[in-house]
A.B. asks: 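Take a look at this one; I'll ask things after.
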Protein chains: 2
Amino acid sequence: MIETLLARIEARDPLADRERDALVDAFDSPTLVGSGRVFIRQGQRLDRSTLLLSGLVGRFKDLSRGERQISALHIPGDFVDLHSFSLKALDHNVVALAPCMVAAIPHTRLENLTREHPHLTRLLWFLTNVDAAMHREWELSLGRRDAVARIAHLFCELRARLEIVGLVDEGGYTLPLSQAALAECTGLTPVHVNRTLKQLRERDLVEFRQKWVCIKDFQGLQQVAEFDPAYLYLRPECQ
Amino acid sequence: MIETLLARIEARDPLADRERDALVDAFDSPTLVGSGRVFIRQGQRLDRSTLLLSGLVGRFKDLSRGERQISALHIPGDFVDLHSFSLKALDHNVVALAPCMVAAIPHTRLENLTREHPHLTRLLWFLTNVDAAMHREWELSLGRRDAVARIAHLFCELRARLEIVGLVDEGGYTLPLSQAALAECTGLTPVHVNRTLKQLRERDLVEFRQKWVCIKDFQGLQQVAEFDPAYLYLRPECQ
DNA sequence: CGAACCCTTGAAATAAGTCAACCTACGTGG
DNA sequence: CCACGTAGGTTGACTTATTTCAAGGGTTCG
């Protein structure tokens, strides 16, 4: 499943064989993280970065009242904390929202990669920049979209991201999130998420039931969300 | 004023003379950008990155109704779009919120730097990662803090950032933002920003008048905002 | 079978938005 | 030097989106 990562990188810019090999060889063997486990804690010093192979991961911060804000979701093929390579201690927590397979790459090996493979380094850097672009789109959602558009936008984003890793079937996809977790992504309360999902259902745009997102009218959904996938940098058009 | 950038980088990790020289030499000579000018447009292909020497810059996205969300503010010593080096076309606009001096570094020269100076490259990468950390904190604000805490937090963040570049006097600082622009940062309406500022004033926490932020009670303000500067990575404690 | 968790819905409360008026400061041009 | 226009700040009254509180219903799993 490291192939997913390679495919993503190479969609941007092809790798030389030696770059590809160096990257693949740098990973430790995969391990399992149980659902619900907060496997990286804010402030904790890290010496490796984690690639998600399967499952779903969330990064979150919280306030003293206990309210959580999920700042990013990660799907298979995503680095969950490539930025910990330069930050060392993270400003947020990382939780497995479903059972996850992950593979770690020690920072010492990443450092070797940066020394020997500047082109590969730029592509890893690119990945963290795409991450930041998603944060910006979420800021726009949280700051300016209403509840319906916010949730619609999230469903569109996930569809676009999951599609390129082959995890979209019949226009729908598995999303192992509770409504409470959806609320933590969108800055809403669980109750309001529930009512908003009802609206989206009644408007025949999407249904979300039993961890399955069934998109009824993708175009309509995009329109409501004002979704434009450019910020995901999935196409190599502008390298 | 490139010294500010160097100081920031070296607060994290000292540079060798040749790294410092290579970086400094890569910049073109400074130019002026007029206040209010949107000097980088979403989607536009870029071939250089911009360092802010003086003034104030905002990065924003907007929705069709014309509502803007500012996703980041930049102060002197910040790269405004170092991420354009790998993204090439940006997902957001960049506006000068005050008259600004900027210095550009062409991407071709950045590419040379990455080839010859892996350690410097990691530090530039670090800068973009700090940028992303600020986005995450803003997501937390937009998603979970109420209006008072949101504005208080922004004032705390700017104080912390401006302090290390020597732009805080007597506990206060210049902030050339209108209330409308503040609203664009915080996801609020201008009217509500106005009322919220009044509250902060009445609670003797901060005053914001005539582009001057006068912090009356920094501790109280931090408390209201739940501000913890760790996410700014200003101290080298965890390298 | 029961417990835990999650989803659903209603009614009431509240934070923030909207609309509109008025005020102030500032700069420009007559 | 005043007159005017513009942009930004302030306030009030009213509306609305979202939250809160609370209760009830459905699933799943040990």
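Because the structure is predicted, anything quoted here is derived from the model rather than measured. Lettering of chains follows the sequences in order, A, B, ..., and the numbering in each one begins at 1.
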A.B. asks: Which part of the nucleic acid, if any, lies within reach of A:Arg145 when heavy atoms closer than 4.0 Å are counted: base, sugar-phosphate only, or nothing?
C.D. replies: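 No contact at all - A:Arg145 keeps every heavy atom at 4.0 Å or more from the nucleic acid.
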
A.B. asks: Output a table of nitrogen or oxygen pairs between the protein and nucleotides 12-17 of chain D separated by less than 3.5 Å.
C.D. replies:
unit_1: D:dG12; atom_1: N7; unit_2: B:Arg195; atom_2: NH1; d: 3.2
unit_1: D:dG12; atom_1: O6; unit_2: B:Arg195; atom_2: NH2; d: 3.3
unit_1: D:dA13; atom_1: N6; unit_2: B:Arg195; atom_2: NH2; d: 3.1

A.B. asks: Applying side-chain contact (heavy atoms from CB on, under 4.5 Å), can you list everything that pairs with A:Thr174, at least two apart in sequence or on another chain?
C.D. replies: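 Partners of A:Thr174 under the side-chain contact (heavy atoms from CB on, under 4.5 Å) test: A:Pro176, A:Trp212.
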
A.B. asks: List in chain and number order the residues that pass salt bridge (charged side-chain N to carboxylate O under 4.0 Å, His left out) with A:Glu3, two or more places apart in sequence or in another chain; answer none if no residue qualifies.
C.D. replies: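 For A:Glu3 there are no salt bridge (charged side-chain N to carboxylate O under 4.0 Å, His left out) partners, ignoring immediate neighbours.
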
A.B. asks: Taking heavy atoms of chain A and a 4.0 Å limit, find me the 5'-most and 3'-most nucleotide of DNA chain C within that range.
C.D. replies: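 First and last nucleotides in contact are C:dC7 to C:dA11.
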
A.B. asks: Which residue, A:Glu67 or A:Gln210, contacts DNA chain D at a nucleotide closer to its 5' end, judged by nearest heavy atom?
C.D. replies: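 Looking at the nearest nucleotide for each, A:Glu67 comes out on the 5' side.
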
A.B. asks: Can you measure from OG1 (A:Thr196) to CD1 (A:Ile151) and round to the nearest 0.5 angstrom?
C.D. replies: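 Output value for this atom pair is 4.5 Å.
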
A.B. asks: Applying ring-ring contact (aromatic ring centres under 6.0 Å, His included), name anything that partners A:His192, two or more places apart in sequence or on another chain.
C.D. replies: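 ring-ring contact (aromatic ring centres under 6.0 Å, His included) list for A:His192, sorted by chain: empty.
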
A.B. asks: Supply the atom-to-atom distance A:Phe60 CZ to A:Asp62 CG, rounded to the nearest 0.5 angstrom.
C.D. replies: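 The CZ atom of A:Phe60 sits 6.0 Å away from the CG atom of A:Asp62.
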
A.B. asks: With rounding to the nearest 0.5 Å, note down the distance linking CG in B:Leu205 to CG in B:Leu197.
C.D. replies: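 B:Leu205 atom CG to B:Leu197 atom CG measures 11.5 Å (nearest 0.5 Å).
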
A.B. asks: Which residues pass the ring-ring contact (aromatic ring centres under 6.0 Å, His included) test with B:His92, not counting sequence neighbours?
C.D. replies: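 Partners of B:His92 by the ring-ring contact (aromatic ring centres under 6.0 Å, His included) criterion, ordered by chain and then number, come out as B:His83.
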
A.B. asks: Take the protein atom CZ of B:Arg209 and the nucleotide atom P of D:dT10, then report the distance between them rounded to whole Å.
C.D. replies: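 Nearest whole value for this atom pair: 7 Å.
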
A.B. asks: Listed in order of residue number, which residues of residues 181-190 of chain B have a non-hydrogen atom at under 4.0 Å from DNA chain C?
C.D. replies: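 The answer is B:Gly187, B:Leu188, B:Thr189.
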
A.B. asks: Of all residues at least two apart in sequence or in a different chain, which pass the salt bridge (charged side-chain N to carboxylate O under 4.0 Å, His left out) check with A:Lys211?
C.D. replies: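 Counting only residues at least two positions away or on another chain, A:Lys211 forms no salt bridge (charged side-chain N to carboxylate O under 4.0 Å, His left out).
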
A.B. asks: Should A:Lys88 and A:Asp47 count as an ion pair when the cut-off is N to O under 4.0 Å?
C.D. replies: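 A salt bridge is absent here (no side-chain N lies under 4.0 Å from a carboxylate O).
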
A.B. asks: Quick test of your reading of the model: are B:Arg59 and B:Asp131 salt-bridged, counting only N-O distances below 4.0 Å?
C.D. replies: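 Judged by the 4.0 Å cut-off on N to carboxylate O distance, B:Arg59 and B:Asp131 do form a salt bridge.
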
A.B. asks: Which residues pass the salt bridge (charged side-chain N to carboxylate O under 4.0 Å, His left out) test with B:Arg68, sequence neighbours left out?
C.D. replies: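 Counting only residues at least two positions away or on another chain, B:Arg68 forms no salt bridge (charged side-chain N to carboxylate O under 4.0 Å, His left out).
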
A.B. asks: Once you round it to whole Å, what is the distance between C1' of D:dT19 and CZ of B:Arg144?
C.D. replies: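 Distance check: B:Arg144 CZ to D:dT19 C1' gives 11 Å.
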
A.B. asks: Within the side chain of B:Tyr233, is there an N or O that forms a donor-acceptor pair under 3.5 Å with the backbone of A:Ala89?
C.D. replies: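 Yes.
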
A.B. asks: With A:Leu158 as reference, evaluate A:Val213, A:Leu167, A:Leu73 under the side chain to side chain contact (heavy atoms under 4.5 Å, CB included) test and give the passing residue.
C.D. replies: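 Among A:Val213, A:Leu167, A:Leu73, the one that satisfies the side chain to side chain contact (heavy atoms under 4.5 Å, CB included) with A:Leu158 is A:Leu73.
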
A.B. asks: For nucleotides 5-9 of chain D, which of its nitrogen or oxygen atoms have a protein nitrogen or oxygen under 3.5 Å away, and what is each distance?
C.D. replies:
unit_1: D:dG9; atom_1: OP2; unit_2: B:Gln179; atom_2: N; d: 2.9

A.B. asks: Please name all residues satisfying side-chain contact (heavy atoms from CB on, under 4.5 Å) with A:Glu137, sequence neighbours left out, ordered by chain then number.
C.D. replies: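 Only A:Leu140, A:Arg145, A:His153, A:Tyr231, B:Lys61 meet the side-chain contact (heavy atoms from CB on, under 4.5 Å) criterion with A:Glu137.
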
A.B. asks: Would you check if the side chain of A:Asp81 reaches a backbone N or O of A:Ser84 as a donor-acceptor pair within less than 3.5 Å?
C.D. replies: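 A pair under 3.5 Å: no.
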
A.B. asks: Could you give the angle between the helix axes at the two ends of the helix from C:dC7-D:dG24 to C:dG30-D:dC1, with five pairs per end, rounded to 10 degrees?
C.D. replies: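 The angle, to the nearest 10 degrees, is 30°.
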
